[in-house]
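Accompanying notes for the structure given below.
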Amino acid sequence: MFINTNAIISNILIFIVIIICINPTFNKLSFADFNLYSYIPEDYEVRKKQPYNARQQQEKVYAQQNKPAPKWTLVDTESRKVSLNDIKSKVVLLNFTGIGCGACQAAIPYLKELKNKYPSETFELVAIESWSGRTSLQKDYAKGKGLNYMLLGANEEVLKDYQTGRSAPWFFILDENRIIRKVFNGYSQERTGKEITQAIEALL
């Protein structure tokens with residue numbers, strides 16, 4: 001005699017599920033008596049999150065124009081430390097970017113052309129990646145995109161100093177005295193590239 005054990009087990013499980021479903025037990029606590037804070041451990045500090053205001057954030061970034069660029073020391077894709085003081089070119093373009101940012105990727109062909117356009121003693125391009133936080137991902141990204149310019153990993157300090165948060169792309173143009181002369185947000189092939197190039201050439 002053949003016994004289908006799988007069928008027997010399935011029927012038992014269905015029977016158990018039926019019993020559970022027809023005999024449910026609900027929390028009898030009324031909504032009026034519910035207190036969310038009673039479930040938070042006593043040693044936890046509760047803080048109210050401030051609402052994000054994109055326009056205010058942008059205003060803070062643009063307010064840095066004509067002010068000294070904050071100094072930084074970051075790590076490149078080979079885990080080497082690079083500081084702003086290490087860069088000796090006359091003009092520097094800082095590009096705050098993010099892996100997975102569509103506008104950032106759209107800007108890459110233009111940035112690669114820009115890097116090749118000027119000699120290193122007059123112009124340097126540095127991208128600061130602020131999304132992944134992982135050197136290995138940044139290295140793969142730089143290799144996959146064929147970047148011909150530096151890609152550094154951001155830290156919380158540089159994001160705070162430049163007021164960008166983790167939004168991208170941002171472009172900061174620094175003169176030979178490392179004063180921020182122009183700031184651009186976003187990227188448009190028709191507009192942004194032309195404006196950045198004009199701002200750079202005005203300083204050379």
Tell me, yes or no, whether the heavy-atom count around Gln189 atom CD, taken from other residues, nucleotides or ligands under 6.0 Å, exceeds 12. no

Is there a path of hydrophobic side-chain contacts, each under 4.5 Å between heavy atoms of I/L/V/M/F/W/Y residues, joining Tyr141 to Tyr110? yes

Show every donor-acceptor pair shorter than 3.5 Å between a side-chain atom in residues 120-128 and any protein atom, with sequence neighbours excluded, or say none if there are none.
| unit_1 | atom_1 | unit_2 | atom_2 | d |
| --- | --- | --- | --- | --- |
| Thr122 | OG1 | Pro119 | O | 2.9 |
| Glu124 | OE2 | Lys115 | NZ | 2.7 |

Quick check: is Ile173 connected to Ile87 through a chain of hydrophobic side chains (ILVMFWY, heavy atoms under 4.5 Å apart)? no

Is Glu129 close to Leu152 at the side-chain level, that is, under 4.5 Å between some pair of heavy atoms? no

Residue pair Asn148 / Asn116, side-chain heavy-atom distance below 4.5 Å: yes

Across all chains, not counting sequence neighbours, the salt bridge (charged side-chain N to carboxylate O under 4.0 Å, His left out) partners of Glu59 are none

Give the other cluster members for Ile179, using side-chain heavy-atom distances under 4.5 Å between Ile, Leu, Val, Met, Phe, Trp and Tyr residues; answer none if it is isolated. none

Just so I know, are the side chains of Ile180 and Leu94 near enough to count as touching, which here means a heavy-atom distance under 4.5 Å? no

Looking only at heavy atoms, what is the nearest atom pair of Ala199 and Lys182, with distance? CB-CG, 3.9 Å

Using the test side-chain hydrogen bond (donor to acceptor under 3.5 Å, both in side chains), find all partners of Lys60 that sit at least two apart in sequence or belong to another chain. none

Does Lys194 have any salt bridge (charged side-chain N to carboxylate O under 4.0 Å, His left out) partners at least two apart in sequence or in another chain, and if so, which? none

Nearest atoms (heavy-atom pairs only) where Pro169 meets Ala103: CD-CB, 3.8 Å

Nearest 0.5 angstrom please: Thr97 OG1 to Gln105 CD, how far? 8.0 Å

Taking all non-hydrogen atoms of both residues into account, name the closest pair between Ser132 and Leu137 and its distance. CB-CD1, 4.0 Å

Once side chain to side chain contact (heavy atoms under 4.5 Å, CB included) is applied, do any residues pair with Ala202, and if so which ones, sequence neighbours excluded? none

I need the minimum non-hydrogen distance between Phe171 and Leu111, along with the two atoms involved. CE2-CD2, 4.1 Å

Between Tyr149 and Ile200, is there a shared hydrophobic cluster once you connect ILVMFWY residues whose side-chain heavy atoms come closer than 4.5 Å? yes

Pairwise ring-ring contact (aromatic ring centres under 6.0 Å, His included) hits with a residue in residues 79-109, at least two apart: Phe96-Tyr162, Phe96-Phe172

Taking side chain to side chain contact (heavy atoms under 4.5 Å, CB included) as the definition, give me every residue that meets it alongside Ser136, ordered by chain and number, with sequence neighbours left out. Arg134

Side-chain (Arg178) to main-chain (Ala69) donor-acceptor, under 3.5 angstrom: no

Tell me the closest heavy-atom pair linking Thr135 and Thr77, and the distance in Å. CG2-O, 3.7 Å

If we ignore hydrogens and angles and just use 3.5 Å, is the side chain of Trp131 paired with the main-chain N or O of Arg166 as donor and acceptor? yes

Residue set satisfying side chain to side chain contact (heavy atoms under 4.5 Å, CB included) with Lys117, at least two apart, ordered chain then number -> Thr197, Glu201

Mind checking whether Leu203 and Lys90 have side chains closer than 4.5 Å, heavy atoms only? no

Verify the cluster assignment for Trp170 and Leu151: are they in a single hydrophobic cluster under the rule of side-chain heavy atoms below 4.5 Å apart? no

NZ/NE/NH1/NH2 to OD/OE distance under 4.0 Å, Lys160 and Glu156: no

Out of curiosity, does Leu114 fall in the hydrophobic cluster containing Leu147 (side-chain heavy atoms, cut-off under 4.5 Å, transitive links)? yes

The criterion is side chain to side chain contact (heavy atoms under 4.5 Å, CB included); which residues satisfy it with Thr73, sequence neighbours excluded? Lys81, Ser83

Taking the side chain as every heavy atom from C-beta outward, state whether Asp76 and Met150 have any atom pair closer than 4.5 Å. no

Determine which pairs satisfy ring-ring contact (aromatic ring centres under 6.0 Å, His included) with at least one residue from residues 177-204, sequence neighbours left out, and list them in order. none

If the condition is side-chain hydrogen bond (donor to acceptor under 3.5 Å, both in side chains), which residues does Lys143 pass it with, not counting sequence neighbours? none

For a quick test of reading the model, state the closest non-hydrogen atom pair linking Gln58 to Asn185 and the distance between them. NE2-OD1, 3.0 Å

